[in-house]
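Let me begin by presenting the structure, written as structure tokens, before commenting on it.
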Amino acid sequence: MKLFVYHTPELTPTDCLPDCAVVVDVLRATTTIATALNAGAEAVQAFKDLDELMNKSAAWLPEKRLRAGERGGQKVENCDLGNSPLDCTPKLVGGKRLFISTTNGTRALQRVEQAPTVITAAIVNRQAAVNYLLKNQPETVWIVGSGWEGSYSLEDTACAGAIAMSLLNQSSDLVGNDEVIAAIALYTQWQDNLLKMFHQCSHGQRLLKLDGDEDLKYCATIDLLDVLPIQKEPGVFIIN
Ligand SMILES: O=C(O)[C@H](CS(=O)(=O)O)OP(=O)(O)O
Ligand SMILES: [Mg+2]
């Protein structure tokens, strides 16, 4: 397996795609996607653009859809939800399609949506992503952090490191870019206290100002969910 970590979607090569892309947005889009599917959502459909989300979701019966829109950490007007995974309870999302647009994560998803396989990962479903990669052995894998508005974010690279470290421990033929080594070093430093890291990083600090303490705790819980979101058509994720 050839493994490449990219800290942001903007840093990915523009002239090729991997066999499998793993999109990571720990705070909070890919945590929310995993949580919604685990809670029984029929599917999660991601949009970079909010107007497109509104138009596409309008074709669905209101009782079969939920609109989750977030910009700058806050819920978008006229949406049912923002981007908190804690809102995705079985009662609310069960049997419905979640139409979602967030500041960073859905942009990263769109960047790689033409790859043959796209999965999403976060700290909460790290092991499920590792298991998928070990079982299916795609030849080239990109782990793409969502970052923040084009710049680096610590928590996405730490999650990439958590996935890469586990793969490295279990594969003899793994080669990767320098970012893989850096991501593993970062995760190794914080693995016993991810929540402390989330309290220090800029993204975590922004969410704390918006009363996001409980979200941070949840997003820092490793291997909580045995669920792997996989893209079945561009932008639409179901449980693998
Ligand atoms: O809702 C989030 O946590 C972020 C918003 S911001 O980066 O805090 O402004 O969106 P995401 O797309 O999940 O990074
Ligand atoms: Mg984020």
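Counting starts at 1 for both ligands and their atoms, in listed order.
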Q. Are L17 and R111 close enough that some pair of their side-chain heavy atoms sits under 4.5 Å apart?
A. yes

Q) Side-chain donor-acceptor pair under 3.5 Å between R65 and S57, yes or no? A) no

Q: List, ordered by chain and residue number, the protein residues whose closest non-hydrogen atom lies under 4.0 Å from any atom of ligand 1.
A: D25, L27, R28, A29, E70, G72, G73, N83, T102, T103, N104, G105, W148, H203, R206, L207

Q.
Are L216 and L154 connected into the same hydrophobic cluster when the rule is that any two of I, L, V, M, F, W, Y join if their side-chain heavy atoms are below 4.5 Å apart?
A. yes

Q: May I ask you to say whether D80 pairs ionically with R67, meaning some side-chain N is under 4.0 Å from a carboxylate O?
A: no

Q. With a cut-off of 2.8 Å, which protein N/O/S atoms are close to the Mg ion (ligand 2), if we only count those under it?
A. D25 OD1, L27 O

Q. Distance from H7 atom NE2 to T157 atom OG1, nearest 0.5 Å?
A. 5.0 Å

Q. With a 4.5 Å heavy-atom cut-off, do N104 and W148 have their side chains touching?
A. yes

**Q.** Derivation of the salt bridge (Lys or Arg N to Asp or Glu O under 4.0 Å) call for R107 and E10
**A.** CA-CA 10 Å; R107 222 161 33 88; E10 289 74 15; 2.5 Å; yes

Q: Give the intermediate values and the outcome of side chain to side chain contact (heavy atoms under 4.5 Å, CB included) for residues S101 and R71.
A: CA-CA 8 Å; S101 179; R71 288 294 179 271; 2.8 Å; yes

Q) Using a distance-only test with no angle check, is there a side-chain donor-acceptor pair under 3.5 angstrom linking D215 and S84? A) yes

